[in-house]
Amino acid sequence: AQVRTGTEARALRRTASGWQVETSAPHGTEVLDADAVVLSVPAAAASRLLSSEAPGAAAELAPVEYASMALVTMAFRRRDLAVQPRGSGFLVPPVDGRTIKASTFSSVKWGWVGDADPDVLVLRTSVGRHGEEADLLRDDTDLVRLSRHDLGEAIGLTAAPVAARVTRWDRGLPQYPVGHLDRVARIRAHVAGLPGLQVCGALYDGVGIPACIGSARRAADALLEGTPGTGACGGAGQ
Ligand SMILES: Cc1cc2nc3c(=O)[nH]c(=O)nc-3n(C[C@H](O)[C@H](O)[C@H](O)COP(=O)(O)OP(=O)(O)OC[C@H]3O[C@@H](n4cnc5c(N)ncnc54)[C@H](O)[C@@H]3O)c2cc1C
């Protein structure tokens, strides 16, 4: 297998024997022939790629909205903490009116983070809700300050971090409003009419990583069952 990073899929076309993917990379445009294609890109890109072969699916994908967010990761010396956080973190409901919407105690949640330096506590907060993205216009210093304020109120953490980093995720999380599952069913119905094509990823069956992996596995299984020469239909040639 060959993995091509930094390569954008720009167009998708059906051919007599499968699919053609037009890509653009730093070294120029390329056309790849494929027996089958799994589209695992966000909604806007999927909509563009399907516009000529599955306009119905493209129209359903185009309006899917995404939330942007920022992660504020901070490291504290454990000896500076009055109380050691327990559990893996917490969620903050919108009615609380806080800037942060969640905090993950990374050193507790992931053993390898804790093991990297047992004297340090690493945690992160997330900022930015769908439709309420004004806080994301703040600079990094402000986001760290507001995160520390909310952590102080929530878990009594008042120590100063020894390091902090803000990572911004523009349009990172697809939104699931009422009716989203029906939309997903309609997208899948349109795609089902195109042999050798599957869709998967966060916008279909759940945004968590386990859900994304599950949808990718189902997409691959469906292709292997349906693509001549790769599975149940053709036998050899996987
Ligand atoms: C800040 C943040 C924190 C999160 N934390 C957690 C967590 O703690 N636990 C958890 O379970 N989930 C978490 N999630 C959710 C989870 O990480 C995502 O839902 C999941 O990674 C999405 O995977 P995906 O493959 O569907 O999409 P993505 O990871 O968005 O991958 C889509 C890929 O498609 C590429 N792409 C776009 N257009 C094109 C194109 N035209 N051609 C080629 N490639 C293209 C993009 O560059 C991208 O690499 C978090 C999400 C965010 C944003």
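For reference, positions follow the sequence shown, starting with 1. If you're wondering where the values come from, they're calculated on a predicted model, not measured in any experiment.
The line from CH2 of W169 to CG of L136 is 14.0 Å long, rounded to the nearest 0.5 Å. To the nearest 0.5 angstrom, L151 atom CG is 11.0 Å from T99 atom OG1. Here the straight-line distance linking atom CG of L143 with atom CZ of R148 works out to 13.5 Å at 0.5 Å rounding. Once rounded to the nearest 0.5 Å, the distance linking CG of L197 with CG of L223 reads 7.5 Å. Atom CZ in R188 sits 7.5 Å away from atom OH in Y204 (nearest 0.5 Å). Expressed to the nearest 0.5 Å, how far OG of S147 lies from CE of M74 amounts to 4.5 Å.
A donor-acceptor pair under 3.5 Å links the side-chain atoms of Y176 to the main chain of G206, judged by distance alone. Here the side chain of S215 pairs a donor or acceptor atom with the backbone of G201 at under 3.5 angstrom. Listed for the S47 side chain is no donor-acceptor partner under 3.5 Å among the backbone atoms of A43. No donor-acceptor pair closer than 3.5 Å links the side chain of Q198 to the backbone N or O of A220. Under the 3.5 Å distance criterion, the side-chain polar atoms of D96 are left unmatched by any main-chain donor or acceptor of R98. Within the 3.5 Å criterion, the main-chain N or O of L173 finds a donor-acceptor partner in the side chain of Q175. No donor-acceptor pair closer than 3.5 Å links the side chain of W19 to the backbone N or O of L12. For the pair Q84 (side chain) and R78 (backbone), a donor-acceptor distance under 3.5 Å is present. Proximity of a side-chain donor or acceptor of S107 to a complementary backbone N or O of V122 within less than 3.5 Å is detected. No donor-acceptor pair under 3.5 Å is formed between the side chain of R48 and the backbone N or O of A62.
In this structure, V144 is a member of the same hydrophobic cluster as F105, with clusters built from ILVMFWY side-chain heavy atoms closer than 4.5 Å. The cluster map of Ile, Leu, Val, Met, Phe, Trp and Tyr, joined by side-chain heavy atoms under 4.5 Å apart, puts V120 and L71 in different clusters. Cluster annotation: V41 and V21 are assigned to the same hydrophobic cluster (Ile/Leu/Val/Met/Phe/Trp/Tyr, side-chain heavy-atom contacts under 4.5 Å, transitive). Both L121 and F90 are members of a single hydrophobic cluster when ILVMFWY side chains are connected at heavy-atom separations under 4.5 Å.
Contact annotation: the side chain of L61 approaches that of I187 to within less than 4.5 Å [non-hydrogen atoms, C-beta and beyond]. The shortest distance between side-chain heavy atoms of L146 and R138 falls below 4.5 Å. Side-chain atoms of L157 and L123, non-hydrogen and from C-beta on, do get closer than 4.5 Å to each other. Looking at heavy atoms from C-beta onward, P55 lies out of side-chain contact with H190 at the 4.5 angstrom threshold.
A salt bridge does not link D140 with R165: every distance from a Lys NZ or Arg NE/NH1/NH2 to an Asp or Glu carboxylate oxygen is 4.0 Å or more. One finds a salt bridge joining R218 and D205 here, because a Lys/Arg side-chain nitrogen approaches an Asp/Glu carboxylate oxygen to under 4.0 Å. Using a 4.0 Å cut-off between charged side-chain N and carboxylate O, E60 and R186 make a salt bridge. Salt bridge R145/D142: present, at least one basic N to carboxylate O contact under 4.0 Å. For E22 and R10, the salt-bridge test fails: no basic side-chain N is under 4.0 Å from an acidic carboxylate O. A salt bridge is defined here as a Lys NZ or Arg NE, NH1 or NH2 lying under 4.0 Å from an Asp or Glu carboxylate O, and R171 with E65 fails to meet this definition.
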Determine, step by step, whether V191 and L39 satisfy the side-chain contact (heavy atoms from CB on, under 4.5 Å) criterion, reporting the C-alpha distance in whole Å, the side-chain angles of both residues, the deciding distance to 0.1 Å, and the verdict. CA-CA 10 Å; V191 170; L39 264 189; over 6 Å; no

Decide side-chain contact (heavy atoms from CB on, under 4.5 Å) for V199 and V38; before the verdict, give the C-alpha distance in whole Å, the side-chain angles of both, and the deciding distance to 0.1 Å. CA-CA 5 Å; V199 292; V38 177; over 6 Å; no

Yes or no on side-chain contact (heavy atoms from CB on, under 4.5 Å) for T104 and W110, after CA distance, side-chain angles and deciding distance? CA-CA 10 Å; T104 301; W110 293 295; 3.9 Å; yes

Does L32 form a side-chain contact (heavy atoms from CB on, under 4.5 Å) with Q20? I'd like the steps, not just the answer. CA-CA 6 Å; L32 306 173; Q20 267 186 350; over 6 Å; no

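Open room surrounds CZ on R217; 12 or fewer heavy atoms of other groups in view lie less than 6.0 Å from it.
Across all their heavy atoms, E133 and S68 have their closest contact at OE2-N, 3.3 Å. Pairing each heavy atom of A202 with each of V207, the nearest pair is O-CG1, 3.7 Å. Closest heavy-atom contact between V92 and R129: O-NH2, 2.8 Å. Nearest heavy-atom pair across A34 and V37 is CB-CG2, 4.2 Å. Taking every heavy atom of both residues into account, Y66 and P42 meet most closely at OH-CA, 3.4 Å. P85 approaches L81 most closely through the heavy-atom pair CD-CD1, 4.0 Å.
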